[in-house]
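Taking it in order: structure first as structure tokens, then the write-up.
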Amino acid sequence: NQFRTNDIRTENSPLQIFVKAKKKINDIFLEIDDYVDDTVRFIGSLRDDHNIISPPEVKKVESYTDKVQGIRDVLKRDHMKVAFFGRTSNGKSTVINAMLRDKILPSGIGHTTNCFLQVEGSEGGEAYLVTEASDAKQPVQSVGQLGHALCKEKLCESNLVRIFWPKDKCLLLRDDVVFVDSPGVDVTPNLDDWIDKHCLDADVFVLVANAESTLMIAEKNFFHKVSTKLSKPNIFILNNRWDASASEPEFLDEVRAQHQERAVDFLAKELKVCNPKDAEERVFFISAKETLQARLQEARGQPAHNGALAEGFQNRYFEFQDFERKFEECISKSAVKTKFEQHSQRGKHIATEIRQTLDEILERTQKMKSEQVNVKKEVHDKLNFTEQQLMILTQEMKDKIHRMVEDVEQRVSKALNE
Ligand code: GTP
Ligand code: MG
């Protein structure tokens with residue numbers, strides 16, 4: 001079945017770029033951690049000898065333990081974050097649900113999503129949610145009330161509800177992708193707050209536009225603001241609800257060309273986040289609703305569609321998959337760069353500094369050793385000299401005594417003869 005192939009892809013997913021890089025950098029930091037531990041222990045054994053090592057040096061080396069631990073904690077938590085924006089009812093929540101292959105986020109007509117909803121993978125197969133107000137795990141079903149605009153006890157719109165969903169239910173969650181759903185950009189005057197709170201660490205933004213209308217000023221303004229705070233954000237534009245085009249086939253190509261041109265101009269000319277050629281690769285025509293339905297059908301072991309869907313369903317479904325593939329490539333490459341580049345620099349820096357400190361200690365001890373040898377040599381030379389002197393002296397004395405003895409002998413024998 002042609003629709004099934006997509007489900008089977010695992011190890012060759014572009015997300016593996018990030019997954020493997022994350023594993024590698026975590027392993028490297030484990031080694032750095034060992035290295036720091038060894039150094040701290042070694043330095044500890046020298047700390048009483050202030051000639052070899054000074055107290056500030058000991059402190060400096062010990063401070064690396066916390067630094068490395070801090071980086072390791074951040075690295076373990078690092079993930080790829082994608083945030084979805086667009087006008088109310090364009091289908092943001094439905095797009096996320098389609099990618100997750102399940103109806104996790106509330107969706108519906110009217111103003112639905114009421115606050116920021118983040119979906120991330122949970123270990124151990126547990127599904128729950130937590131709010132900003134409390135760490136308590138709440139049943140995931142309550143997202144229908146907490147995140148829904150029609151609910152009485154509404155959360156503030158810039159609030160975040162974190163939904164933890166079993167990793168084994170979705171490859172994207174397993175590979176550390178975190179999804180952020182937002183209320184419509186047209187329902188708030190607080191865009192700056194949103195950006196500061198939810199967007200600065202996003203690796204990819206998806207603008208969910210409505211193919212039945214066109215890009216709106218509110219949507220454009222939002223991304224203009226984003227690109228003043230982030231340099232060249234990665235933005236995809238999904239022209240959602242493209243199934244509507246099936247009912248007006250006579251204008252389909254022209255409408256598509258119009259949307260495509262406006263979207264490319266917006267990315268390349270207005271925002272200047274990429275060149276027109278790359279922008280072409282960032283625009284898709286999809287139907288999130290159809291894709292979600294097809295995937296739910298597949299999950300039940302039934303065919304992706306029962307023939308009642310609008311004309312062109314397969315193309316839209318393939319385009320959705322194409323979007324997912326390009327999105328996965330983009331997010332994993334971008335996240336590796338933004339999340340790991342800085343940490344690998346810091347890791348290198350720490351390793352270099354520790355090496356320098358150890359080199360300095362080694363140099364110092366070598367100097368002390370050679371000084372000691374010099375001192376010894378001086379004493380040695382002195383002794384040698386004395387020895388030699390002694391030898392000379394004794395020889396001289398011996399000769400003198402010998403001569404004296406001879407002299408005395410001669411004189412004695414002479415005296416006797418006389
Ligand atoms: P808010 O949360 O209110 O900002 O809306 P949203 O952008 O999250 O839209 P949501 O996903 O709730 O979808 C709004 C309505 O549009 C729902 O009834 C969806 O079923 C429907 N919808 C979403 N995507 C499509 C699509 O591709 N085609 C059609 N025909 N309907 C869609
Ligand atoms: Mg929504």
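Counting convention: from 1, in listed order, for ligands and their atoms alike. Note that these values count all heavy atoms, side chains included, but never hydrogens, waters or copies made by symmetry. Along the sequence shown, residues carry numbers from 1.
Around CD1 of I217, the count of heavy atoms belonging to other residues, nucleotides or ligands within 6.0 Å does not exceed 12. No more than 12 heavy atoms of other residues, nucleotides or ligands lie within 6.0 Å of NZ in K333, so this atom counts as exposed by the packing criterion. Within 6.0 Å of the CZ atom in R364, the count of heavy atoms belonging to other residues, nucleotides or ligands exceeds 12.
In plain terms, the two heavy atoms of V283 and A263 that are nearest each other are CG2-CB, 3.7 Å. The heavy-atom pair separating N26 from R72 by the smallest distance is OD1-O, 4.4 Å. What you find for V208 and N90 is that their closest heavy atoms are O-ND2, 3.0 Å.
Note on K289 versus D243: no salt bridge recorded, every NZ/NE/NH1/NH2 to OD/OE distance being 4.0 Å or above. Ion pairing of E219 with R87 is absent here, as no side-chain N (NZ or NE/NH1/NH2) approaches a carboxylate O to less than 4.0 Å.
The atoms of ligand 1 that sit less than 4.0 Å from any heavy atom of T113 are 1 (P), 2 (O), 3 (O), 8 (O). Ligand 1 places these atoms under 4.0 Å from at least one heavy atom of H111: 3 (O). With ligand atoms numbered from 1 in the order given, ligand 1 contributes 26 (C), 27 (O), 28 (N) to contacts under 4.0 Å with heavy atoms of S287. Taking every non-hydrogen atom of D243 and a distance limit under 4.0 Å, the qualifying atoms of ligand 1 come out as 26 (C), 27 (O), 28 (N), 29 (C), 30 (N). Contact atoms of ligand 1 toward S107: 10 (P), 11 (O), 12 (O) (distance under 4.0 Å to a heavy atom of the residue). Proximity to I109 (heavy-atom distance under 4.0 Å) selects the following atoms of ligand 1: 18 (O). Taking a cut-off of under 4.0 Å to the non-hydrogen atoms of T88, the atoms of ligand 1 that pass are 3 (O), 4 (O). The distance from ligand 1 to the heavy atoms of A288 drops below 4.0 Å at these ligand atoms: 27 (O).
Excluding waters, the protein N/O/S atoms found under 2.8 Å from the Mg ion (ligand 2) are S93 OG, T113 OG1.
Of the options V208, D181, T94, the smallest heavy-atom separation from atom 23 (C) of ligand 1 is shown by T94. Distances from atom 8 (O) of ligand 1 to the heavy atoms of S93, P106, A98 put S93 nearest.
Nearest protein neighbour of atom 31 (N) of ligand 1, counting heavy atoms only, is K289 CD, 3.4 Å. Considering only non-hydrogen protein atoms, atom 4 (O) of ligand 1 sits nearest to K92 NZ, 2.8 Å. Protein heavy atom in closest approach to atom 12 (O) of ligand 1: G108 N, 2.9 Å. Regarding atom 16 (O) of ligand 1, its nearest protein heavy-atom neighbour is R241 NH2, 2.7 Å. Scanning the protein for heavy atoms near atom 5 (O) of ligand 1, the closest one is S89 N, 2.9 Å. Regarding atom 24 (N) of ligand 1, its nearest protein heavy-atom neighbour is N240 ND2, 3.1 Å.
In this pair, F236 and F323 present their aromatic rings perpendicular. The plane angle is above 60°, beyond the 30 to 60° band. Below 30°, between 30° and 60°, or above 60°: for H198 and F116 the angle between ring planes is below 30°, a parallel geometry. The aromatic rings of F164 and Y128 sit parallel to each other, their planes meeting at less than 30°, with 60° as the upper class boundary.
The structure places OG of S158 at 6.0 Å from CG of D193, a figure rounded to the nearest 0.5 Å.
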**Q.** F18/F340 under ring-ring contact (aromatic ring centres under 6.0 Å, His included): CA gap, chis, key distance, verdict
**A.** CA-CA 9 Å; F18 178 85; F340 300 153; 5.2 Å; yes
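Neither side chain, T131 nor N159, offers a donor N or O lying under 3.5 Å from an acceptor on the other. Looking at Q118 and D181, their side chains never bring a donor and an acceptor atom within 3.5 Å of each other.
Note on ligand 1: G86 sits outside its first shell, no heavy atom being nearer than 4.0 Å.
Looking at T112 against ligand 1, both its backbone and its side chain come within 4.0 Å, counting heavy atoms.
Any N or O atom pair closer than 3.5 Å counts here, and I286 shares no such pair with ligand 1.
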